[in-house]
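Only this structure's heavy atoms are used, side chains among them; waters, hydrogens and symmetry mates stay out. All ligand and atom numbering here is 1-based and tracks the order in the structure.
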Amino acid sequence: MQILIVEDEPKLAQALKQGLEAEHYEVKVAATGEEGFFLVNTEAFDLMILDLMLPGRDGLEALVALRHRGLSTPVLILSARDTVADRIRGLDAGADDYMVKPFAFPELLARLRALIRRGRADEILRFKVADLEMDLATRKVTRGAQALELTAREFELLEYLLRHHGQIVSREMLAQDVWREVRRATSLDNVIDVHIARLRKKIDSDTALKLIHTLRGVGFMLREEAP
Ligand code: CA
């Protein structure tokens, strides 16, 4: 789950980034409207947290331009502008939610979860293979009764394997869809293998039923039976 924060106040941007990363979201920060506009047009984000008073291009202008281009990413405006008229302007410009600064971080998290659920109303939000379960809305992963602590990358990697449950997942697919690095000079294979090994340790080391399988020279597969 990738979140873009567009916020020019460095302290707040860092605090948000750290708080969201602690919740296992992947986070990028843009300090200006232009940078935010550029990033959102070049990378896929699941959510955007947008400040309004930004240097250069105003947040509202950027939002109108993005919606005009057909961008459907859910946007939560996080602004010090607190009048009813401000909120109406923000929502009418294409925001999905509006929060006023100062704000309570747990409430921001709850609102983000609500946006994720709404955005994925017709999508699967829970995966279950054997006793491995992943809940995309709460970001919880469990194996049996054991809650697992995954990094953001491990979470994404596992989500990808679960979405392709029972299918072969090649390293090329992971490089492109999970690492999102297609135009790289050097191969990501070693990096991918290290992450798979770490994930496997967390998922499979304490149990007889192994779920992540390596297919030599081909890739990986998540399923109950060894392929
Ligand atoms: Ca600002």
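Distances from the Ca ion (ligand 1) show that D51 has an N/O/S atom below 3.0 Å. Because the distance cut-off is set at 3.0 Å, E9 fails to qualify as a neighbour of the Ca ion (ligand 1), as none of its N, O or S atoms comes that close. Under 3.0 Å from the Ca ion (ligand 1) lies an N/O/S atom of M53, whether from backbone or side chain.
Few gaps surround CD on E225; more than 12 heavy atoms of other groups in view lie less than 6.0 Å from it. Residue F38 places its CZ atom among 12 or fewer non-hydrogen atoms of other residues, nucleotides or ligands, all under 6.0 Å distant.
Under a 3.5 Å cut-off, the side chain of R81 and the backbone N or O of M53 do not form any donor-acceptor pair.
A donor-acceptor contact closer than 3.5 angstrom links the side chains of R200 and T214.
Of all the N, O or S atoms in D8, the one closest to the Ca ion (ligand 1) is OD1.
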